[in-house]
**Student:** 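The structure under discussion is supplied below as structure tokens; questions concerning it will follow.
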Amino acid sequence: MPNDTPDDAASYRERVDRAADAIRQEGGTAPATGIILGTGLGALTDELDAEAVLAYDDLPGFPASTVESHEGQLLFGELEGVPVAAMQGRFHLYEGYSPKEVAFPVRVLATLGVETLLISNAAGGMDPHHERGDLVLITDHINLQGANPLTGPNEDDWGPRFLDMSEPYDPELRDLAKEKALDASIPLHEGVYLAVVGPMLETKAEYRYMRQIGGDVVGMSTVPEVLAARHMGVRCMAISVVTDECLPDALDPIDVEAALAAAGEAEPKLTRIVKGVVREIGAPVAS
Ligand code: HPA
């Protein structure tokens, strides 16, 4: 696994705190809701009434961007009238980042006060019922990345050394997502997300194995971010967009154009569900 950004001698914790301080100074508010605008949620950028847009590259402490992740920024503003912080662009292990660096923006958001994190991603569908363009609400995960962001010294005031993982994806948020999907007549599967490093897709033998051990969808993101979020007590909800069908006995070579088209097709559906959830969790609690 690659090391953390080598040119920065400050501890990881110091870098997270420094980035959070800089954001506060730039006027980034402290919203309770964070969103990772992964595959299928790009259009939310247009709907977000942004008060502050902060490029990762301009924020002290943030991991240095690689060619692949050149476009990264944090958006602070309102969505559906609810204050949110959104990550446009995320870091991936396959780009060479360590799990800690991948989780860095989530650590910063949690430090700023984010309590709920809504996440989207692209994934391969291994359940034969999944079709390209379908949405899958993640109920649980299997980490096959061989690493995670919680190793090394534990920051006790961030979270526990031995993190409970009995329910990483918040049941209440999952119910809300299902309710919003049902209201809008949007089919929403449920399934287990299996995380790999990538960047290659899987072999037939690997898909067969991943299916047999309990995976429904497979992707290259989300798990490091969820682990860091859960470590800091942040509630998580994640939805996958199925961009390719991964049936070992009927596997076609990856069709990147079709995968992108599937993501585009899923966007209005996913956007609608996430907006519904944001509205609901942003609503004042009736007393
Ligand atoms: N495997 C891993 N990651 C992915 C896939 C896949 O088939 N599709 C989209 N992300």
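Counting convention: from 1, in listed order, for ligands and their atoms alike. Keep in mind it's a predicted model, so treat the numbers as computed, not measured. Nothing fancy with the numbering, it's 1 onward along the sequence.
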**Student:** Please identify which of these residues, F62, Y56, Y97, meets the ring pair (Phe, Tyr, Trp, His ring centres under 6.0 Å) condition with F104.
**Tutor:**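 So, applying the ring pair (Phe, Tyr, Trp, His ring centres under 6.0 Å) to F104 and each of F62, Y56, Y97, only F62 qualifies.
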
**Student:** Is atom CD of E172 surrounded by more than 12 heavy atoms (other residues, nucleotides or ligands) closer than 6.0 Å?
**Tutor:**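 No, the 6.0 Å shell around CD holds no more than 12 heavy atoms from other groups.
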
**Student:** Determine whether L163 and L109 fall in the same hydrophobic cluster, where Ile, Leu, Val, Met, Phe, Trp and Tyr are linked whenever their side-chain heavy atoms lie under 4.5 Å apart.
**Tutor:**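 Yes; tracing contacts between hydrophobic side chains, which count when under 4.5 Å, links both residues.
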
**Student:** Going by atom types only, do H129 and D134 share a side-chain donor-acceptor pair under 3.5 Å?
**Tutor:**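 No.
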
**Student:** Could you tell me whether D249 and R208 have a side-chain N and a carboxylate O separated by less than 4.0 Å?
**Tutor:**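 Salt bridge: yes.
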
**Student:** May I have the list of side-chain donor-acceptor pairs in residues 237-246 shorter than 3.5 Å, sequence neighbours left out?
**Tutor:**
unit_1, atom_1, unit_2, atom_2, d
S240, OG, N121, OD1, 2.6
T243, OG1, A123, O, 3.4
E245, OE2, R132, N, 2.9

**Student:** Residues around ligand 1, heavy atom under 4.0 Å from any ligand atom, sorted by chain and number. Can you pull those?
**Tutor:**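 Lining ligand 1: A122, A123, G124, L201, E202, Y207, V218, G219, M220, T243, D244, C246.
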
